[in-house]
Structures are given as C-alpha cells and as structure tokens.
Student: 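Structure below; questions to follow.
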Amino acid sequence: MVRRRRSLTEIRQRLNERRAAREKFSEFIAWVLNHPSERWVFRGQSQHWPLRPSIGRSSAHTPEREQLLFKEFKRAALPFVDRSKLANNWDWLAVAQHHGLPTRLIDWTTNPLVAGYFASQPSARGKKDGEIVAVEARKIGFYYPDEERDLDPFDITTPRFLRTPALAARIISQRGLFSIHPNPEQAWYLTNKTERFLIPAAMKTEFRKALFAMGIDASDLMADLDGLAATLRWRFENRMLAE
C-alpha cells in the first residue's frame, strides 16, 4: 500500500497546529509554576465533568445500596488483600477506589503533570477539550484517618481531602490522594477555590508527546505491565518507537 503524499498546504497546516500546541504547552508550564503543589492539588479530566464521585453517578445509588456494595467488597476481597495493612474503613475505601469499585471518593494528585496526562486522554464522548482542575487544598481541609480513628468515612458531613497510607504502587507513582463526599450524588462546587486549565481536543496528542518527553506516561504512572503495554501501544500508533 502506497501512502498518499501530503500537499504543501497540508504540511503547512500541520506545522501550524504543532506550533500552536507547543505554545499552549508553554502556557501550561507557566500555569503549573503559578500553582505550586505544596498549596494546590490537581485533577485531570478528558472532558468537563462535574466533580461527583463515581458512586453518585449511578442511578442505582442510595445510601443503603452504597453500604451494601462496600460491605460485599470487603467480604469478597479478603483472599486478595493483606488485611494487616487495612486498619479501618478509610483504608478499605482507598483500596476499593483504586481497583475500580464505585465509591464516594474522587481521585486527585499533587503532581500537575500527572493531571495533564489524564486530561490529554481521548474523551469517550468524541473530541472534547480536556481540563485540569486545581484546588487550594488547605482552604478545604483534610481528614487524617490515623488521627481520627473514631470517625467513620460514612459518618462525615463535610467534603474534604483525604490522605491514606499508600496502599498501592499506583497511588505512589501518581502522587495520589482523594477527596471524600458525604452526599455522592451532589456535584462538588468550589466557588473561588478552583482554577482550570483547558487542553483543546486538537492538541491532546501533542500534549501527550510533550509529557512523554518529560517522563510522564502510562508505564510510569501505572507501574505495571498494563501501563507498559499502554505506553508501547501509544508510541507504536504515533510512530514514536526508535528503529
């Protein structure tokens, strides 16, 4: 099969697109430098979504069903976990969230480049702009399970950020933390406490290439064979494997 040669107009258009993407990435780096991670935490989304936990997005959600789901996870997961590392329901929630169970947690990171990686992923609903949400965490506050052992995560009344022990390699590699929400069906609106950076849909591939050059890719963030395979597949599809 003979590959069609691109016209001069197409080549110029492609060069202009790359130039625009690089300028946008420079804006992103400047934005990052103005949001130091000791003050801000970040969430990358492949398109705009309300800040709502996964359990609250389900039409099946009720508080009773949420508790039932969580209890069944704890019961059935016992053969697959090291119970000595799970001190309380806070730890169990973090593990459940990590493995894809719908919970009242939302994932965040202290590394804005990690958020940029997730924001530059293709959207499941067509070509949508990605976004990075930055929140001044200290203005919201934290729960510290080791210091609040008498407080159960299902009894909280105020959304806050949450630091649990790093119970999985991905939490460490992604510099992850969570926010926890007492009313999962309600979107979390943080007036005057958030800032956002948009990644236009047409620039997502160039953003991922720039992040890859900085060491941010699936093999680094997932820290397992799935992440390695995902990175190699993406490099193959974008002709970025060295010959």
Side-chain angles (χ1 to χ4, degrees), residues 1-51 106-136 169-176 194-243:
M1 180 177 179
V2 179
R3 184 181 301 170
R4 182 180 70 86
R5 297 183 65 180
R6 291 185 292 179
S7 68
L8 183 59
T9 299
E10 290 174 323
I11 293 174
R12 285 175 176 169
Q13 180 180 354
R14 182 60 181 148
L15 289 174
N16 288 335
E17 289 173 350
R18 287 183 177 177
R19 187 179 300 112
R22 287 170 181 168
E23 290 175 356
K24 188 69 174 178
F25 193 81
S26 295
E27 290 179 23
F28 171 58
I29 296 301
W31 184 83
V32 165
L33 294 175
N34 285 323
H35 294 79
S37 59
E38 64 267 21
R39 286 182 52 201
W40 298 82
V41 298
F42 307 88
R43 176 171 172 79
Q45 305 188 139
S46 62
Q47 69 179 77
H48 173 71
W49 296 107
L51 295 175
I106 295 178
D107 294 288
W108 298 82
T109 176
T110 59
N111 187 338
L113 301 183
V114 172
Y117 170 83
F118 288 108
S120 60
Q121 297 300 305
S123 170
R125 296 189 176 182
K127 294 184 177 181
K128 302 286 187 180
D129 295 345
E131 67 173 1
I132 302 162
V133 184
V135 178
E136 287 193 88
R170 287 188 186 184
I171 295 176
I172 299 173
S173 60
Q174 295 176 18
R175 288 167 63 176
T194 64
E195 292 190 17
R196 296 172 189 260
F197 186 92
L198 296 183
I199 301 177
M203 297 182 180
K204 284 185 174 182
T205 297
E206 292 300 322
F207 259 71
R208 286 191 66 184
K209 288 180 179 179
L211 289 166
F212 174 77
M214 301 172 75
I216 304 295
D217 58 54
S219 64
D220 180 62
L221 300 182
M222 306 307 176
D224 56 22
L225 285 176
D226 290 342
L228 173 61
T231 293
L232 290 176
R233 181 174 65 245
W234 176 78
R235 291 176 63 189
F236 172 75
E237 291 172 349
N238 286 277
R239 300 179 174 86
M240 294 179 66
L241 284 173
E243 296 182 1

Student: I'd like to know if the side chain of Thr109 reaches the main chain of Gln174, judged simply by a donor and an acceptor atom lying under 3.5 Å from each other, with no hydrogens or angles considered.
Tutor: yes
Student: For the pair His35 and Trp40, name the ring-plane relationship: parallel under 30°, tilted 30 to 60°, perpendicular over 60°.
Tutor: perpendicular
Student: Using the side-chain hydrogen bond (donor to acceptor under 3.5 Å, both in side chains) criterion, which residues pair with Arg18? Sequence neighbours excluded.
Tutor: none
Student: Check for a donor-acceptor pair, side chain of Arg43 on one end and backbone N or O of Asp107 on the other, with a separation under 3.5 Å.
Tutor: yes
Student: Considering the options Tyr117, Phe25, Phe118, which one meets the ring-ring contact (aromatic ring centres under 6.0 Å, His included) requirement together with Phe207?
Tutor: Phe25
Student: I need the minimum non-hydrogen distance between Ile199 and Gly116, along with the two atoms involved.
Tutor: CD1-O, 4.0 Å
Student: Which atoms form the tightest heavy-atom contact between Pro200 and Asp129, and what is the distance?
Tutor: CA-OD1, 3.3 Å
Student: Nearest 0.5 Å, what's the OG-CZ distance between Ser46 and Arg125?
Tutor: 10.0 Å
Student: Does Arg196 have any salt bridge (Lys or Arg N to Asp or Glu O under 4.0 Å) partners at least two apart in sequence or in another chain, and if so, which?
Tutor: Glu131
Student: Just to verify, what does Gln47 make a side-chain hydrogen bond (donor to acceptor under 3.5 Å, both in side chains) with, not counting sequence neighbours?
Tutor: Ser123
Student: Scan residues 22-31 for pairs that pass side chain to side chain donor-acceptor pair (under 3.5 Å), counting only residues two or more places apart or in two chains.
Tutor: none
Student: Can you name the side-chain hydrogen bond (donor to acceptor under 3.5 Å, both in side chains) partners of Arg39, sequence neighbours left out?
Tutor: Glu136
Student: Applying side-chain hydrogen bond (donor to acceptor under 3.5 Å, both in side chains), name anything that partners Arg19, two or more places apart in sequence or on another chain.
Tutor: Asn16
Student: Who passes side-chain contact (heavy atoms from CB on, under 4.5 Å) against Val135, sequence neighbours left out?
Tutor: Val41, Trp108, Val133, Ile140, Phe161, Leu190, Thr194
Student: Going by salt bridge (charged side-chain N to carboxylate O under 4.0 Å, His left out), name the pairs with one or both residues in residues 108-117, residues two or more places apart or in two chains.
Tutor: none
Student: Anything under 3.5 Å between a donor and an acceptor, one on a side chain of residues 210-218, the other on a protein residue two or more places apart or in another chain? List them.
Tutor:
| residue | atom | partner | partner atom | Å |
| --- | --- | --- | --- | --- |
| Asp217 | OD1 | Ser219 | N | 3.0 |
| Asp217 | OD1 | Ser219 | OG | 2.5 |
| Asp217 | OD1 | Asp220 | N | 3.0 |
| Asp217 | OD1 | Thr231 | OG1 | 3.4 |

Student: Are Arg175 and Thr110 close enough that a side-chain donor and a side-chain acceptor fall under 3.5 Å?
Tutor: yes
Student: If only atom types and distance count, is the side chain of Lys204 paired as donor or acceptor with the main-chain N or O of Lys127 below 3.5 Å?
Tutor: no
Student: For Ile132 and Ala115, which heavy atoms make the closest approach, and how far apart are they?
Tutor: CG2-CB, 3.7 Å
Student: Only counting residues at least two apart or in another chain, list the ones meeting side-chain contact (heavy atoms from CB on, under 4.5 Å) with Arg233.
Tutor: Ala230, Glu237
